Structure formats: structure tokens, C-alpha cells
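To start, the structure itself, in C-alpha cells.
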Amino acid sequence: VGHQIKDGRGEFVADVSYLNAVDSGKTATCADVTTCYGSAKTTLIGVSGDLYYRLREDVFFMGMLSIGHNTTTAVGAGSPGTDAAINSVTAFFRIAYRF
């Protein structure tokens with residue numbers, strides 16, 4: 001989703017993403033994490049936003065923030081269970097002067 005601000009001097013963009021995946025070999029025996037190929041369920045959730053804005057004709061700034069959460073669980077007979085969740089934060093900020 002994007003939207004212009006201040007009569008086109010800037011723009012913000014927001015994004016929400018979701019992924020849920022289950023391997024096709026989920027019924028395989030899984031006694032050790034090193035042999036659990038094809039037997040996982042993964043969920044990813046992400047939210048991000050970008051902001052672009054021109055302060056003056058020669059000064060421009062942009063910023064981005066992204067937050068994510070990932071969970072993975074081994075499924076099937078003898079599975080070792082759930083991995084620790086992975087949380088991520090990414091940020092970027094830039095000011096540019098054109099001369």
C-alpha cells in the first residue's frame with residue numbers, strides 16, 4: 001500500500017507479508033535434526049514500511065523499517081520439536097544533498 005504526502009513531496013509505502021509452508025515429506029521419521037530434510041513446518045510474518053520525502057529541491061531523505069518473525073517446527077514421527085523463533089529488525093536511513 002502506498003500513498004503520496006504533502007502534494008507529492010513524499011511517499012510512504014507499507015507492506016505486510018505472511019508465509020506458511022509445510023514440507024511434502026512431513027510423515028518421514030525424524031529422530032535427529034541433521035536427518036530431518038523434508039519434514040518441517042515454517043511460518044514467516046513480516047511488516048515493513050518505507051518513507052521518501054523531499055525537504056527542499058536539493059535535499060531528499062528516505063527511511064525504511066522492517067520487522068519479521070520466523071518459527072520452524074520439525075513434524076513427523078520422532079521429530080525433535082520446535083526451533084527457537086527468529087526475530088529480525090532492519091532499518092535504513094539516508095539523507096541526500098544534490099548540488
Side-chain angles (χ1 to χ4, degrees):
V1 175
H3 184 68
Q4 287 189 1
I5 52 177
K6 295 277 189 171
D7 297 324
R9 292 184 66 145
E11 177 182 7
F12 74 85
V13 178
D15 180 61
V16 176
S17 57
Y18 174 79
L19 170 87
N20 186 21
V22 179
D23 288 329
S24 60
K26 64 184 178 183
T27 58
T29 301
C30 184
D32 182 5
V33 72
T34 62
T35 62
C36 289
Y37 304 113
S39 59
K41 176 182 177 184
T42 300
T43 302
L44 302 165
I45 300 169
V47 177
S48 65
D50 302 316
L51 175 65
Y52 312 94
Y53 192 75
R54 185 168 298 283
L55 293 172
R56 300 185 323 221
E57 184 177 312
D58 56 353
V59 178
F60 179 80
F61 80 86
M62 58 190 289
M64 182 274 299
L65 177 65
S66 178
I67 300 171
H69 180 74
N70 177 354
T71 58
T72 301
T73 304
V75 294
S79 67
T82 303
D83 290 344
I86 300 171
N87 296 308
S88 63
V89 176
T90 304
F92 172 80
F93 181 74
R94 177 182 179 193
I95 296 177
Y97 175 72
R98 183 178 67 185
F99 52 93

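All values below were derived from every heavy atom in this structure, side-chain atoms included, with hydrogens, water molecules and symmetry-related copies excluded. If you're wondering where the values come from, they're calculated on a predicted model, not measured in any experiment.
- Nearest heavy-atom pair, Thr42 versus Thr72, reported as atom, atom and distance to 0.1 Å: OG1-OG1, 3.6 Å.
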Quick one: side chains of residues 50-59, donor-acceptor pairs under 3.5 Å with protein atoms, not counting sequence neighbours, listed by atom name and distance.
residue, atom, partner, partner atom, Å
Arg54, NH1, Glu57, O, 3.2
Arg56, NE, Asp58, OD1, 3.2
Arg56, NH2, Asp58, OD1, 3.3

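- Note: the hydrophobic cluster containing Ile95 also contains Ile5 (ILVMFWY, side chain heavy atoms under 4.5 Å, direct or indirect links).
- Residues Phe60 and Tyr97 are members of separate hydrophobic clusters, defined by side-chain heavy-atom contacts under 4.5 angstrom among Ile, Leu, Val, Met, Phe, Trp and Tyr.
- Residues forming a side-chain hydrogen bond (donor to acceptor under 3.5 Å, both in side chains) with Asn87 (at least two apart in sequence, or on another chain): His69.
- Using a 4.5 Å cut-off on side-chain heavy atoms (C-beta onward), Lys41 and Asn20 make contact.
- Proximity of Ile67 to Ile45: side-chain heavy atoms (C-beta onward) are nowhere separated by under 4.5 Å.
- Among residues two or more places apart in sequence or in another chain, the ring-ring contact (aromatic ring centres under 6.0 Å, His included) test is passed with Phe93 by Phe61.
- For the atom pair CE of Met64 and CZ of Arg94, the computed distance is 13.5 Å after rounding to the nearest 0.5 Å.
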